[in-house]
Amino acid sequence: SPVTDRKIKEAVRHSVITIGSFDGIHRGHQAVIAKTIAIAQAGRREGSLAGVVTFDPTPQQVIHPDFHYILTPFAEKREILREMGLDFLYLIRFNKAMQMLVPKEFVQSQILAPLQPAKLVVGYDHRFGKGGKGNVGLLKALSKEFNFELIVVPEFQFEGEPVKSTRIRERLLLGDVRTANRLLGWNYTIYGRVTKGLGIGKVLGFPTVNLKVKEKEKLIPADGVYAVFVWDKGKKYWAAMNIGQRPTFGGETRTIEATLINHCRDLYGAQLKIELIERIRPERKFADPASLAQQIRKDIERVKEILEKYLTQS
């Protein structure tokens, strides 16, 4: 299993590494990481290991403290990286002092001194150091000065367009989960604990679970109703999930509620994983509770159609 201890062991020195925030670990990030792993595997006889250097919090969060659009908080990122075949994960605790390091000083103190990498793999547009002034050109010069090999991965395109975390965030904020999922290469996921709600769903005839997301920086997609899979104790269930303020009942607080299909266990206090598949409609105010209940019935039928089709095509 990957090594996550911040105290670097001798075994990880002179490895093949890549560095970045990797928020979302989308298809472009996956290409860089896959290249890192492939190069390390080719050098296994020399004992080469493949590692990822990443940050918590991300530089973006330190520079912009109110940035609440993180795709993969560190706990999620770590789990995804564990499944990719890496040998180790090196975590840098990013802070204001580190933000002020000029590019060369950043590379020397945070990468070269602790890791002494044999090879460094980065994307073509990799930026680092104070003001993001460090780039691939500077890394090429540093590679000659400090005797490591630099491998630059060209721009990754999917469906004819470059894959960027900013583009994925935009799609999610518009509720376009299908496009976001295609760009990610996996289904966007929300983790949270079931908390006590107001019981409105039960009154309407559709009991719901209310989800509280721990990480305030996690990006929550646009308000609306979604077809989702809910994971509980390793089992997957179908559900219709609503994100919004419950305008029919004069709500003012944004909530996440899911109506599970064919699931009867009491989930209060449970930690759930919500896998978003498609947004089926925006949230709107209904004339009365009966009209809302009628719409929920239609939503559930639509969710069944979407999820059944998704499983058939997967």
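Just the heavy atoms: all of them, side chains too, but no hydrogens, waters or symmetry mates, feed the values below.
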When clusters are formed by joining ILVMFWY residues with side-chain heavy atoms under 4.5 Å apart, either directly or through shared neighbours, do [X] and [Y] land in the same one?
X	Y	answer
V16	L112	no
V32	L89	no
V152	L139	yes
F22	L183	yes

How about H126 and Y124: are their ring centroids closer than 6.0 Å? no
I'd like to know whether the aromatic ring centres of Y69 and F67 sit less than 6.0 Å apart in this structure. yes
Counting distance only, does the side-chain N/O of [X] pair as donor-acceptor with the main-chain N or O of [Y] below 3.5 Å?
X	Y	answer
K77	S21	yes
N135	L138	yes
R127	G132	yes
W186	R27	no
H29	H26	yes
R182	E159	no
S48	I39	no
R193	K212	no
Q30	I25	yes

Check the surroundings of atom [atom1] in [X]: do more than 12 heavy atoms from other residues, nucleotides or ligands lie under 6.0 Å from it?
X	atom1	result
D288	CG	yes
E308	CD	no
R178	CZ	no
K133	NZ	no

Donor-acceptor pair between Q99 and N95 side chains, under 3.5 angstrom: no
So do the side chains of [X] and [Y] get within less than 4.5 Å of each other, counting heavy atoms only?
X	Y	result
I261	T259	no
K236	V230	no
Y188	P221	yes

Step by step, would you call Q294 with S291 a side-chain hydrogen bond (donor to acceptor under 3.5 Å, both in side chains)? CA-CA 5 Å; Q294 185 177 12; S291 299; 5.4 Å; no
Which word best sums up how the rings of Y310 and F229 line up, parallel for under 30°, tilted for 30 to 60°, or perpendicular for over 60°?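 Ring orientation of Y310 relative to F229: tilted.
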What do the steps show when you test E105 against Q110 for side-chain contact (heavy atoms from CB on, under 4.5 Å), and what is the final call? CA-CA 8 Å; E105 187 179 357; Q110 302 302 314; over 6 Å; no
Is the shortest distance from a Lys or Arg side-chain nitrogen in R169 or D23 to a carboxylate oxygen in the other one below 4.0 Å?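 Yes.
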Under the criterion side-chain contact (heavy atoms from CB on, under 4.5 Å), I'd like the reasoning laid out for V194 against L272: C-alpha separation, chi angles, the key distance, then a yes or no. CA-CA 7 Å; V194 178; L272 302 181; 3.5 Å; yes
Given N181, which partner from the list D176, N187, T189, I168 fulfils the side chain to side chain contact (heavy atoms under 4.5 Å, CB included) test? N187
